[in-house]
**Student:** 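Below is the structure I would like to discuss, written out as structure tokens.
Note on naming: letters A, B, ... go to the chains in the order of the sequence lines (proteins, then strands), and numbering restarts at 1 for each one. Computation of the quantities below employed the complete heavy-atom set of this structure, encompassing side-chain atoms and omitting hydrogens, waters and symmetry-equivalent molecules.
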Amino acid sequence: MAHWIPVLIAIPIAGAVLAPVLPHRLVHLWGLLVLAVTTGIAVVLTLATPLSYEMGGWPAPYGIELLFDPLSGFSVVVAFITLLALASSLGASGPLASREGVAVILLGAGGMAGFLVAGDFFTLFVFLEIFSLAAYGMVAMSEERGAGLAAFRYLLMGASASIVILLSVGLIHTLTGSLNLADVGARLPEGGLPLHLAMAGFTAGFLVKAAAFPLHVWLPDAHATAPSPVSAILSGLVVKMGIVGLIRTPTADDLFLWIGGASLLAGALLALVQSDAKRILAYSTVANIGLIVVGLSVEWSGAVIHMVNHAVAKAALFLAAGAFIHQAGSRLLDGVGRQMPLTTVAFALAAISVVGIPPTGGFTGKWLIAVGALEAGHVSLVVILVFSSVVLAFCYGRLLDRLLFAPPRAGIGEAPVSMLVPIVLLALLSVGLGFAGRPLVSLLGGP
Amino acid sequence: VTVLAGNLDYVATVLLFVIGVWTLIADPNLIKKVMGLNIMETAVFAFIVTTGVLDPPSPIPHALVLTGIVVAVSTTAVALALLLRVHREFGTLDVNELRDLW
């Protein structure tokens with residue numbers, strides 16, 4: 001069974017390498033096929049956790065170890081959301097239907113899968129760079145003016161973060177003489193400057209990748225200018241890899257409460273002053289990442305469950321926003337809602353889930369984290385959590401109000417089926433996951 | 001002073017890193033920012049290679065740096081490709097001229 005772990009990484013990456021040489025008409029179907037197979041392998045592996053695989057037969061502390069633990073099960077979400085995002089552009093002529101587009105998206109999925117199963121620090125770094133480079137490329141796929149600059153800013157911050165992470169990996173190796181995650185955990189010294197430096201490096205580096213508040217400045221431009229299916233991948237999946245990094249490495253976790261709280265508050269307030277739909281969604285991601293970072297400190301299972309629920313709901317929201325923009329032909333969405341009832345209902349369901357109204361998926365994680373914060377005695381944090389939820393609910397409500405009750409525009413029809421199916425599926429899933437809270441927690445390794 | 005003199009190689013990597021960070025933050029030219037990024041990377045590589053200078057020497061840091069260099073080259077290539085597009089769209093690579101967009 002364990003030998004399927006390297007296959008999980010190899011299939012999307014090999015698919016990405018082959019995509020540029022395939023005939024133009026077939027490349028989109030090729031991408032969907034590769035991602036469907038990847039999703040299948042990820043599901044099979046998740047049901048068989050925990051597993052570990054030694055590359056080339058070299059035993060663990062010295063060889064490269066791949067492990068599939070409950071957290072690696074997030075690779076199911078990665079492959080499935082990437083599949084739906086790619087499917088939503090089926091039949092369209094945009095950049096995602098091109099050979100380069102499919103290649104970059106498959107590379108991103110393979111990189112994230114590798115990152116999730118990496119068992120040592122250096123493999124973690126290599127896959128971090130693979131999906132990061134793919135993500136810069138995905139932003140630049142947009143034909144919008146300024147997308148190149150947004151991608152470049154993302155690259156400058158992302159690459160700086162990667163360098164700091166590499167420095168920390170070097171420090172960890174010097175300190176312990178090992179790179180294996182479990183082995184290093186057992187050998188870490190009690191304290192000292194080098195260890196603190198390494199912990200600070202991992203914390204700062206992965207917080208940039210996750211786009212937590214003071215380090216989020218690259219996110220709004222990158223996520224708002226990228227093509228909408230790419231925004232779904234970036235906001236739903238790529239920023240979550242920063243959180244996975246924070247879980248996997250030794251970090252300064254006493255800072256998480258502060259950074260998470262600040263991110264929660266700032267994300268919600270900054271969303272309030274935006275008028276563009278995709279920018280509101282981008283800042284809502286900053287707020288939700290804050291919630292997850294808080295959760296890492298007070299209630300681990302809440303954080304992980306919110307990672308999954310937010311990924312599903314935010315992907316639905318971005319795909320729906322993309323459908324509105326596609327049908328309206330512009331970023332001005334006033335009054336398009338009534339001509340696109342199905343998309344609007346799906347958008348509203350996913351928004352309810354992100355805001356965290358029971359019984360939807362988003363509520364489960366928020367509730368677990370709020371209870372965890374209360375039990376740890378952080379009442380102010382619960383106040384921030386409730387306040388930012390109310391602010392975000394207002395932002396989404398205002399967006400829906402503009403969609404539905406502005407004077408209707410003529411000549412706009414419902415989104416094509418290829419867009420509608422992924423949106424409705426993800427929206428229903430984001431609500432439905434609320435009823436699967438307990439199995440999801442146990443699947444992801446919680447109590 | 002003796003501590004600094006005894007670890008001259010580490011002092012050099014820290015200096016190099018600071019130069020890189022400064023170039024990345026302070027220089028208005030986007031290409032020079034990429035160069036600053038490269039200097040930071042070189043500093044980290046030099047640091048990691050230095051940690052392998054033991055008796056007997058440890059080969060692992062060298063292997064790490066080799067992979068790191070490959071990653072750094074790819075990042076630089078993507079960065080320069082993006083700058084080509086920025087230059088085509090805006091006709092400049094100067095942060096002061098890009099103003100609101102930066």
**Student:** Under a 4.5 Å heavy-atom cutoff, which of B/T75, B/I48, B/L24 has the most pairs with chain A?
**Tutor:**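 Going by pairs under 4.5 Å, I would pick B/T75.
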
**Student:** Given a strict heavy-atom distance threshold of 4.5 Å, which part of B/L84 is in contact with chain A: side chain, backbone, both, or neither?
**Tutor:**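 It is neither, since no heavy atom gets under 4.5 Å.
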
**Student:** Can you say whether B/L37 sits under 4.5 Å from chain A via the side chain, the backbone, both, or neither, judging by heavy atoms?
**Tutor:**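 Both backbone and side chain.
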
**Student:** Would you mind checking which part of B/V86 comes under 4.5 Å of any heavy atom in chain A, side chain (CB onward), backbone (N, CA, C, O), both or neither?
**Tutor:**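 B/V86 touches chain A through side-chain heavy atoms alone.
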
**Student:** Roughly how far, to the nearest 0.5 Å, is CG of B/L93 from CZ of A/F152?
**Tutor:**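 So the gap between those two atoms works out to 8.0 Å.
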
**Student:** By number, which residues in residues 62-70 of chain B have some heavy atom less than 4.5 Å away from chain A?
**Tutor:** B/L64, B/T67, B/G68

**Student:** Could you grab the distance from atom CZ of A/R153 to atom CG of B/L30, nearest 0.5 Å is fine?
**Tutor:** 11.0 Å

**Student:** Please examine the side chains of B/V34 and A/L155, heavy atoms only from C-beta on, and report whether any two atoms are closer than 4.5 Å.
**Tutor:** no

**Student:** Residues of residues 165-186 of chain A under 4.5 Å from chain B (heavy atom pairs)?
**Tutor:**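 The list, in residue order, reads A/L166, A/L167, A/G170, A/L171, A/H173, A/T174, A/L179.
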
**Student:** Show the nearest heavy-atom pair for residues B/E89 and A/R145, with the distance to one decimal.
**Tutor:**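 Scanning both residues, the minimum pair turns out to be O-NH1, 2.9 Å.
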
**Student:** Can you see which heavy atom on A/L133 is nearest to which on B/S74, and at what distance?
**Tutor:**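 That closest heavy-atom pairing would be CD1-CB, 3.7 Å.
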
**Student:** Write down the atom of A/A147, the atom of B/R85, and the distance for their closest heavy-atom approach.
**Tutor:**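 Closest pair (atom of A/A147, atom of B/R85, distance): CB-NH2, 3.6 Å.
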
